[in-house]
Number of protein chains: 2
Amino acid sequence: MQTITAATARQFNPAAVMMRGTATMPRRPTAEDGVRRNFSKGEELYAEGDAAEFFYKVVSGTVRICKVLNDGRRQIEAFHLAGDLFGLEHGSEHRFAAEAVDDLVVVVYRGRHLEGLVRDNPDLGGQLMSSVLASLDRARDHMVLLGRKSAREKIASFLLDIAARLADGDRFDLPMQRADIADHLGLTIETVSRTLTQMARDGLIKLAACGRTVVLNNRDQLEALEAA
Amino acid sequence: MQTITAATARQFNPAAVMMRGTATMPRRPTAEDGVRRNFSKGEELYAEGDAAEFFYKVVSGTVRICKVLNDGRRQIEAFHLAGDLFGLEHGSEHRFAAEAVDDLVVVVYRGRHLEGLVRDNPDLGGQLMSSVLASLDRARDHMVLLGRKSAREKIASFLLDIAARLADGDRFDLPMQRADIADHLGLTIETVSRTLTQMARDGLIKLAACGRTVVLNNRDQLEALEAA
DNA sequence: CGGTCGGTTGAGTATGCTCAATCCACGTGG
DNA sequence: CCACGTGGATTGAGCATACTCAACCGACCG
């Protein structure tokens with residue numbers, strides 16, 4: 001299957017779409033078509049309430065999708081790593097914010113009026129649908145975690161998830177800090193820290209480099225803990 | 001926009017899709033196209049792991065989408081009410097089960113290979129995309145609830161959500177029992193019960209008919225409690 | 001009338017939170 | 001080169017929210 005690149009992205013430029021049905025003339029590319037952009041640690045790609053004009057693909061680095069309640073409590077819905085698509089919205093506004101967890105490179109696509117895009121660009125539609133359904137799958141699993149798992153089970157699931165996505169073997173570096181992990185798992189930083197050090201004491205994992213590097217020593221036991 | 005009916009559903013019958021590009025001949029309708037089906041309280045529409053051959057639209061009644069962990073803990077990802085689409089999957093299997101909460105009528109559509117469907121049926125694609133994105137929106141909000149809200153806030157959010165979806169005014173009947181609410185909100189039945197009766201004592205709501213009928217006495221205060 | 005199912009209520013407890021101190025790595029400036 | 005400040009992580013003590021276990025209630029049904 002064709003993957004989304006700057007070239008294919010041009011196929012659903014709204015200008016090109018509008019021209020459809022009137023005449024077949026060469027599209028006029030805009031600056032926003034599949035443009036690479038860099039963000040540095042902590043920068044906001046878009047805020048809650050911003051118009052949802054673009055969507056994004058991670059080239060390298062990590063993005064967090066989050067919402068902050070009136071009193072400051074925060075929930076991180078998801079982390080997006082290299083290759084992930086994000087920023088597609090149902091309505092015309094972003095309902096969650098997107099922020100760079102570390103130094104980040106993304107490709108930005110113009111993508112307002114998503115339903116229309118899909119209708120007018122069927123080939124891409126399948127691919128976008130696949131990506132959105134994958135997000136929904138992730139979201140469902142995460143609801144099980146948030147609603148029904150203990151702190152230890154949450155951490156075990158999280159480590160295995162991250163490892164599957166960015167470890168080459170059993171060792172990887174966590175791109176995010178404890179506060180991000182806590183707000184993703186519905187815990188406090190203290191509980192995250194305690195649980196990780198306890199797991200290290202139990203020999204399940206090894207921690208290094210300020211707790212940013214993790215080595216999975218006992219995948220079987222972690223998977224048992226996951227409580228799937 | 002066109003809505004999905006038995007008639008439009010025929011447009012993406014896989015048989016018809018396969019015929020495409022070879023010759024334009026009339027499609028052969030199958031029995032599964034937009035067929036109405038009834039389920040009684042507690043019946044399972046599909047189980048976790050079942051092949052994802054169909055998707056569904058609720059005509060009347062309520063569906064719960066859920067997963068049960070190895071030790072019996074259960075999480076209800078969502079309730080679907082009249083008009084909602086559900087059962088679309090990313091992979092070839094259902095990763096959650098669907099069960100009738102009460103007596104239920106649905107329309108069943110054949111919908112394997114979703115990405116392909118969208119590519120080959122652009123008009124429907126937009127509509128399905130819209131529905132899936134709406135589910136994702138709901139899922140995100142629910143993650144905030146599960147991860148960061150107190151029991152009282154969870155119940156307030158839940159009541160307002162259900163009211164918005166099926167109340168005509170401030171009174172409605174809960175289609176599901178306490179255990180379902182608990183497993184949806186990441187609580188126990190006891191906490192759900194206690195919180196509801198406490199809200200009734202506080203005059204926020206009124207309960208009747210074995211706790212199945214709810215009247216919202218003070219929407220403002222409930223919305224304040226929601227902690228959006 | 002007895003049994004079951006769903007809901008409520010009570011008492012005691014555990015898990016994870018709050019508040020607070022401490023530690024450590026790192027970068028900056030005297 | 002070292003003192004200092006800062007941001008992130010860890011650890012400890014006490015506590016609160018929601019859980020567990022258990023009894024009880026009321027409606028419904030055979």
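Just so it is clear: chains get the letters A, B, ... in the order the sequence lines come, proteins before strands, and each one is counted from 1. Note: hydrogens, waters and symmetry copies are ignored here, and every other heavy atom, side chains too, is used.
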Kindly indicate whether the side chain of B:Met129, heavy atoms from C-beta on, has any atom under 4.5 Å from the side chain of A:Val132.
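Yes; the side chains approach each other to less than 4.5 Å.
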
Any B:Asn217 side-chain heavy atom under 4.5 Å of B:Asp170 side chain:
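Heavy-atom side-chain distance check fails, nothing below 4.5 Å.
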
Send over the distance from [X] [atom1] to [N] [atom2], rounded to a whole Å.
X: B:Met176; N: C:dG7; atom1: CE; atom2: P; value: 11 Å
X: A:Leu196; N: C:dG16; atom1: CG; atom2: P; value: 14 Å
X: B:Asp173; N: C:dG7; atom1: CG; atom2: P; value: 13 Å

Which parts of residues 208-218 of chain A get close to DNA chain D, meaning a heavy atom less than 4.0 angstrom away?
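By residue number: A:Cys210, A:Arg212.
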
Which residues within residues 181-194 of chain B lie with some heavy atom under 4.0 Å of an atom in DNA chain D?
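Heavy-atom contacts with DNA chain D come from B:Gly186, B:Leu187, B:Thr188, B:Glu190, B:Thr191, B:Arg194.
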
Counting distance only, does the side-chain N/O of [X] pair as donor-acceptor with the main-chain N or O of [Y] below 3.5 Å?
X: A:Arg64; Y: A:Glu99; result: no
X: B:Ser193; Y: B:Ile189; result: no
X: A:Thr195; Y: A:Thr191; result: yes
X: B:Arg219; Y: B:Leu160; result: no
X: A:Arg171; Y: A:Val215; result: no
X: B:Arg95; Y: A:Asp141; result: no

Please list all pairs meeting salt bridge (Lys or Arg N to Asp or Glu O under 4.0 Å) that have one or both residues in residues 151-167 of chain A, counting only residues at least two apart or in different chains.
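For residues 151-167 of chain A: A:Asp84-A:Arg165, A:Arg138-A:Asp161, A:Arg152-A:Asp202, A:Glu153-B:Arg73, A:Asp161-A:Arg165.
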
Reading DNA chain D from 5' to 3', where do the contacts with chain A start and stop? Cut-off is 4.0 Å to heavy atoms.
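With heavy atoms of chain A under 4.0 Å away, the range is D:dG8 to D:dA13.
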
Quick one, which residues of residues 148-159 of chain A touch DNA chain C with a heavy atom under 4.0 Å?
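When residues 148-159 of chain A is checked for heavy atoms under 4.0 Å from DNA chain C, the hits, listed by number, are A:Ser150, A:Ala151.
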
If the condition is ring pair (Phe, Tyr, Trp, His ring centres under 6.0 Å), which residues does A:Phe86 pass it with, not counting sequence neighbours?
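With sequence neighbours excluded, A:Phe86 shows a ring pair (Phe, Tyr, Trp, His ring centres under 6.0 Å) to A:Tyr56, A:His80, given in chain and number order.
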
Should the ring pair B:Phe158 and B:His184 be called parallel, tilted or perpendicular, given that the plane angle runs from 0 to 90° and is split at 30 and 60?
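B:Phe158 and B:His184: perpendicular rings.
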
A:Glu223, A:His142, A:Lys149 screened by side-chain hydrogen bond (donor to acceptor under 3.5 Å, both in side chains) with A:Ser157, the one that passes:
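Of the listed residues A:Glu223, A:His142, A:Lys149, the side-chain hydrogen bond (donor to acceptor under 3.5 Å, both in side chains) partner of A:Ser157 is A:Lys149.
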
With side-chain contact (heavy atoms from CB on, under 4.5 Å) as the test, would you mind laying out the steps for A:Ile155 and A:Leu185 before giving the verdict?
CA-CA 8 Å; A:Ile155 296 284; A:Leu185 302 181; 3.7 Å; yes

